[in-house]
Amino acid sequence: MASVNYDHVTKRFAGGILAVNDLSLEIKDTEFMVLVGPSGCGKSTALRMLAGLEEITEGEIRIGDTVVNDMAPRDRDIAMMFQSYALYPHMTVYDNMAFGLRMRGMESAEIERRVNSAANILELGPLMKRKPRHLSGGQRQRVALGRAIVREPQAFLLDEPLSNLDAKLRVQTRIELQKQHRLLHATFIYVTHDQVEAMTMGDRIAVMRDGVLQQVAPPREIYENPANMYVAGFIGIPTMNFIPVTVAGKTAKASGFEIDLPKAPGVEKGVLGIRPEAMTERPRPDHPGLELKVEVSEVLGPDQFLYGQVGGDSITARVDPQLKVDPGDKVRLGVDTRRLHLFEPVTGVAIL
């Protein structure tokens, strides 16, 4: 296995379209790195440049100590899994997994050893004589992973591999991929627009927007200490509440409430960030909290989300699902002031 380095990598398409802008990112050997962001943010282009499927406009990509900018895809010693899995419909599972090795002229005994080893890891033994049309979506995904494993590559590249699965199977396969990563001690680079996949799978997450890397850090750090409003709003379900405030010392004043900040930020204006779970229906006696006029209430199993207004600001709060709330009710909410965020209003950069 090997590390992967993007060193000031830029990709411009015809017409001057900037897909990836000055990306510098180090992916450690055996790390599970997730590139996450909305459609068009440049994450898949970054992966395709690493695979050799897109040319690099500027900068360098290294696999281990080798610069691969001008290296043919087949010589990069990587394996890529696509959203469609790209299995050959007329071939059995065994032949799908063995095909690439045969094309490389590998001896039959070594092909059989590698295919059987991958089949044991992925529990594909009973399926080896079946063709893709006789497999479920999850089984096809495992075959595609097996086809990558037999190559024994330096890195696995996965581009939205779970997008075609239903919700239940997506969870099961997500867990399976994490198990396989640990078993293989491999470098995984995984692209997704799904923040749940990113938060649950990645050792670290690289959040991208409009071709620019916004923040790279472990999932918990991304969630608790977002670098800017974009990261704070993209990561978290429901999204973080953003409320314009004026600041005097340690006090932030919104249109419908005032709140004490953990420390004085040294600015006069900002955007206050409060995650829904940082609010509670049990306010502290020494703090008035805020009064939410409820517009919609959603009970989702162990959670209840309240959507409403405080002054002129829209607020979402997560409260006890046993709390009886109807539209039009007013609910007094406390806020955990240790979990507040403050952002610069123009640049969106985190201040607090």
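All values below were derived from every heavy atom in this structure, side-chain atoms included, with hydrogens, water molecules and symmetry-related copies excluded. Not measured: the values here are computed from a predicted model.
- Cluster partners of Phe13, by chain and number: Ile17. The rule joins Ile, Leu, Val, Met, Phe, Trp and Tyr whenever side-chain heavy atoms lie under 4.5 Å apart.
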Show which side-chain atoms of residues 306-316 pair as donor or acceptor with protein atoms under 3.5 Å away, not counting sequence neighbours.
residue : atom : partner : partner atom : Å
Tyr307  : OH   : Glu298  : OE1          : 3.2
Gln309  : NE2  : Ser314  : OG           : 2.9
Asp313  : OD2  : Ser255  : OG           : 2.9

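- Membership of the apolar cluster around Phe242 extends to Met229, Met240, Val271, Phe343, as traced through chained side-chain contacts below 4.5 Å between ILVMFWY residues.
- Scanning for ring pair (Phe, Tyr, Trp, His ring centres under 6.0 Å) contacts around Tyr88 gives Phe99, with sequence neighbours left out.
- Side-chain contacts under 4.5 Å among hydrophobic residues (ILVMFWY), followed directly or transitively, place Val299 with no other residue at all.
- When hydrophobic side chains of Ile, Leu, Val, Met, Phe, Trp and Tyr are connected at separations under 4.5 Å, Ile237 ends up clustered with Val196.
- Each salt bridge (charged side-chain N to carboxylate O under 4.0 Å, His left out) pair with one or both residues in residues 87-108, not counting sequence neighbours, appears once here: Asp95-Arg102.
- Under the ring pair (Phe, Tyr, Trp, His ring centres under 6.0 Å) criterion, His181 pairs with Phe32, Phe188, not counting sequence neighbours.
- Within the structure, ring-ring contact (aromatic ring centres under 6.0 Å, His included) contacts touching residues 310-339 (residues at least two apart or in different chains) do not occur.
- Residue pairs satisfying the salt bridge (charged side-chain N to carboxylate O under 4.0 Å, His left out) criterion with at least one member in residues 71-82, sequence neighbours excluded, are absent.
- Sorted by first then second residue, the salt bridge (charged side-chain N to carboxylate O under 4.0 Å, His left out) pairs that include residues 114-143, not counting sequence neighbours, are Glu110-Arg114, Arg114-Glu152.
- Residue pairs that meet the salt bridge (charged side-chain N to carboxylate O under 4.0 Å, His left out) test with at least one member in residues 30-45, sequence neighbours left out, are Glu31-Arg204.
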